2 protein chains.
Amino acid sequence: MSRLPIYLRTLADLPPSQTTCSSEQMAALAGVNSAQVRKDLSFLGSHGTRGVGYGVLELRSQLRRALGLNTDYAVIIVGAGNLGAALSNYGGFETWGFAVVAIVDADPAKIGTEVAGIQVESIDQLEHIVAERSVEIAIIATPSRVAQDVANRVTGAGVRSILNFAPAVLDVPATVKVRRVDLSTELQILTYHLQQ
Amino acid sequence: MSRLPIYLRTLADLPPSQTTCSSEQMAALAGVNSAQVRKDLSFLGSHGTRGVGYGVLELRSQLRRALGLNTDYAVIIVGAGNLGAALSNYGGFETWGFAVVAIVDADPAKIGTEVAGIQVESIDQLEHIVAERSVEIAIIATPSRVAQDVANRVTGAGVRSILNFAPAVLDVPATVKVRRVDLSTELQILTYHLQQ
DNA sequence: TAGATTGTTAATCGATTAACAATC
DNA sequence: TAGATTGTTAATCGATTAACAATC
């Protein structure tokens, strides 16, 4: 196992009201095999007790550490259009340790307005903001036309992780990680089952 | 292979200016192994010519058929907030055979306004719209609080595919397929590599 | 002690890839 | 014919799972 399986994230949220939990229970919860759960947990340096199960509190903090949920990551959103606004308003980020520290846009009419309680700043400030606020993740929510430009600028400024919502393939240095959320692909996958 | 690999979709868009294309070229394009390309295409009932490659036009139409890109799917967007608006404005849907036939919202202030050239309708009309316009896919872009309610209503109305943007797990009949786009998970995956 | 559950091995399964005869 | 590329087999690789001794 080179990388932590993502299903473990659901277990990082286990209610501590239950003091222990068996691999069988966790498997049912996460929809995987119990042997897999035991194997993955043992890889983390397991702390189960035979005949009893795993201590939930211990497990939670262990998983959170392993999954990087204890650190806060500073996020910049580039593009204050509908998508940028939707992302800013999205409630789920803080829960998982992401802090939106800036929203920037190129449109002078948008600069200075508030989106989700954050003032939109000028894209001219991008490099400055990234450096000053230790931004680690950039979310590109611009038209595809300018996505590559933005990617160049954020990577130039030192960002090493990009979440790209623009329907465009970005060309970045190998050290930069890009994840693309392609809404069409998501719909595509849904249609597999429509065709029986 | 139980299901068509999604990487084939990139090949369905091959420029027909090039009359033939080798498995090697396609592999480079899609970032997979050439043997895999040949195997998958042969599964579709292959039409390559040894020593030459695959006919691009033939391949395109074959892939489009196999991937279901020839049919048009009617989509309803539930929620005309920032996310709903972002999705409506998203240019990529039509390209892949999805037609947004309605946007509905519960807020009377939003009903009647235009989003991406489509008039927002009342959520009261949901069942009526689904039936009348043969809606097959629902996109849930509402607050999580009401997501389950919406899911109940759209499945009740006959929708069998849901793309869920609300950070909530939906409880639906087994015959209904739900895909959840969880923005936090996407960020999560990005952070794996931040931790070296 | 008896029952439950871990941790780990070995078996299984499936997916990926190398290799090459077939053949354009 | 010579070179290129397919289609497919067999080998490899990795991931999943069954099974069970260890042990709480």
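Sequence lines set the chain letters: A, B, ... in the order given, protein chains first and strands last, and positions in each chain run from 1. Bear in mind the structure is a predicted one, so any value in this text is a computation, not a measurement.
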For [X] and [Y], work out which heavy atoms get closest and say how close.
X       : Y       : answer
I103(A) : S88(A)  : CD1-OG, 3.2 Å
V130(B) : A157(B) : CG1-O, 3.5 Å
A166(A) : A147(A) : CB-CB, 3.7 Å

How close or far is atom [atom2] of [N] from atom [atom1] of [X], stated in whole angstroms?
X      : N       : atom1 : atom2 : result
E24(B) : dT17(C) : CD    : P     : 12 Å
N33(A) : dT12(C) : CG    : C1'   : 12 Å
L41(A) : dT8(C)  : CG    : P     : 12 Å
E58(B) : dT6(D)  : CD    : P     : 13 Å
D40(A) : dT16(D) : CG    : P     : 8 Å
Q25(A) : dT6(C)  : CD    : P     : 9 Å
R38(B) : dA15(C) : CZ    : C1'   : 16 Å
Q36(A) : dT5(C)  : CD    : C1'   : 18 Å

**OP:** Can you run through DNA chain C from 5' to 3' and write each base as (, ), [, ], | or . depending on how it pairs? Watson-Crick or G-U wobble, both distances under 3.5 Å.
**Re:** ..||||||||||||||||||||||
**OP:** Applying side-chain contact (heavy atoms from CB on, under 4.5 Å) between V104(B) and each of I76(B), I77(B), V120(B), report the one that passes.
**Re:** I76(B)
Distance below 4.0 Å between [X] side-chain N/O and [N] OP1 or OP2:
X      : N       : value
S42(A) : dT8(C)  : yes
S22(A) : dT5(C)  : no
T49(B) : dC24(C) : no
Y54(B) : dC24(C) : no

Original post:
Among dT16(D), dC24(C), dC24(D), which is the nearest nucleotide to the side chain of K39(A)?
Top reply: dT16(D)
Original post:
From the list dT16(C), dT6(C), dT8(D), which nucleotide is the closest neighbour of the side chain of R50(A)?
Top reply: dT6(C)
**OP:** Check whether any side-chain N or O of N152(B) sits under 3.5 Å from a backbone N or O of G156(B) as a donor-acceptor pair, and report yes or no.
**Re:** no
Original post:
Taking Q148(B) for the side chain and D171(B) for the main chain, is one N or O donor matched with an acceptor at less than 3.5 Å?
Top reply: yes
Original post:
Base, sugar-phosphate alone, or nothing: which one does S34(B) contact when heavy atoms must sit under 4.0 Å apart?
Top reply: nothing
Original post:
Which distance, rounded to the nearest 0.5 Å, do you find between the CD1 of I139(A) and the CG of N164(A)?
Top reply: 10.5 Å
